[in-house]
Amino acid sequence: MINILSIYDELLKKYGYQGWWPIINYKGVNPTKTGSIKGYHPKKYAFLKNDSQRFQICIGAILTQNTNWVNVEKSLLNLYNNNLLSPKKIIDNAEKVKELIKPSGYFNLKSKYLANFSRFYLSLNGKIPFRDELLKVKGIGKETADSILLYAYNVPVFVIDAYTKRLVNHLGLIDSNDYETLRTFFESNLTNDYKLFQEFHALIVEHAKNNYSKKPYGISDFLKKIKKN
DNA sequence: TTCCAGGCAATAC
DNA sequence: GTATTGCATGGA
């Protein structure tokens with residue numbers, strides 16, 4: 001049986017701390033990534049978010065559905081530069097939002113999703129949302145809900161995305177593509193630590209971008225090493 | 001030109 | 001309950 005944490009250790013050794021979730025107006029940022037906003041925070045792990053940063057993470061999580069992050073950055077900057085990156089502004093400026101988020105695709109759908117979520121966000125009055133409440137919002141599925149909980153609210157849920165599925169299947173860690181099965185697999189084999197979950201998921205994405213975007217996937221050296229353990 | 005990107009809801013079987 | 005389809009821009 002493979003020790004899941006050993007995969008995390010190897011990924012961290014290879015790629016370093018990822019500074020997720022990117023924030024476009026983070027003060028004192030030390031940008032290390034490419035992309036238009038270079039908003040990766042400089043901490044090793046979770047940083048405390050203020051309300052606008054928390055909201056921005058939620059909006060980014062919706063905009064990045066099946067969409068390249070660089071395109072999401074463009075939409076976020078458009079919203080930010082037009083002073084629309086807040087729940088009330090998004091609700092009150094539906095048509096303008098639709099135009100501004102065009103770079104990140106599916107703009108007809110996502111503009112509605114953003115407004116739906118904004119109403120939900122205001123209804124929270126600063127409270128941390130429950131997962132089942134988030135999932136009732138049209139446009140928020142499991143991955144988006146878990147990304148919001150983990151990165152905006154520091155709630156320890158493990159985010160499963162397409163990359164994660166490719167990784168675990170390719171390594172033969174578990175024979176399933178079911179979201180909840182995979183989430184339970186990670187959560188039950190790791191310390192229940194949101195900082196670990198945040199960094200691990202970010203590292204999986206970074207690694208998968210490099211190794212699981214084009215078939216055949218092949219196998220990298222450090223993962224060969226893990227498979228021998 | 002074709003393929004892919006940090007999914008989701010609606011519909012079909 | 002599981003499989004398929006529409007949604008859309010921009011970069012490789």
Is there a donor-acceptor pair under 3.5 Å between the side chain of [X] and the backbone N or O of [Y]?
X: A/K110; Y: A/L63; result: yes
X: A/E133; Y: A/F130; result: yes
X: A/S123; Y: A/F120; result: yes

Between A/F158 and A/F200, is the gap from one ring center to the other below 6.0 Å?
yes

Are A/Y163 and A/Y212 an aromatic pair by the rule of ring centers under 6.0 Å?
no

Hey, which of these two, A/K214 or A/A145, hits DNA chain B nearer its 5' end, going by closest nucleotide?
A/K214

Taking the nucleotide of DNA chain B with the closest heavy atom to each, which residue, A/G141 or A/S213, is nearer the 5' end?
A/S213

Of all the nucleotides listed ([options]), which has the minimum atom distance to the side chain of [X]?
X: A/K138; options: B/dG7, C/dA8, B/dA9; result: B/dA9
X: A/P103; options: B/dG7, B/dA9, C/dG10; result: C/dG10
X: A/Y163; options: B/dG7, B/dA5, C/dG10; result: B/dA5
X: A/A162; options: C/dA8, B/dG7, B/dA5; result: B/dG7

Rounding to an integer number of Å, can you tell me how far [X] [atom1] sits from [N] [atom2]?
X: A/N177; N: C/dT4; atom1: CG; atom2: P; result: 13 Å
X: A/L135; N: B/dG7; atom1: CG; atom2: P; result: 16 Å
X: A/D178; N: C/dT2; atom1: CG; atom2: C1'; result: 11 Å
X: A/W69; N: B/dG7; atom1: CH2; atom2: P; result: 12 Å
X: A/I101; N: B/dG7; atom1: CD1; atom2: P; result: 16 Å
X: A/K74; N: C/dG11; atom1: NZ; atom2: C1'; result: 8 Å
X: A/N66; N: C/dC7; atom1: CG; atom2: C1'; result: 9 Å
X: A/K112; N: C/dC7; atom1: NZ; atom2: C1'; result: 11 Å

Answer with base, sugar-phosphate or nothing: what part of the nucleic acid does [X] contact at a heavy-atom distance below 4.0 Å?
X: A/T144; value: sugar-phosphate
X: A/D161; value: sugar-phosphate
X: A/A202; value: nothing
X: A/F107; value: sugar-phosphate
X: A/I140; value: sugar-phosphate

Determine the interatomic distance between P on B/dT11 and the same-named atom on C/dA8; round to the nearest Å.
16 Å

Using a cut-off of less than 4.0 Å, is there contact between a side-chain N or O of A/R166 and OP1 or OP2 of B/dA5?
yes

Which residue in the set A/T184, A/D146, A/D161 passes side chain to side chain donor-acceptor pair (under 3.5 Å) when paired with A/Y179?
A/D146

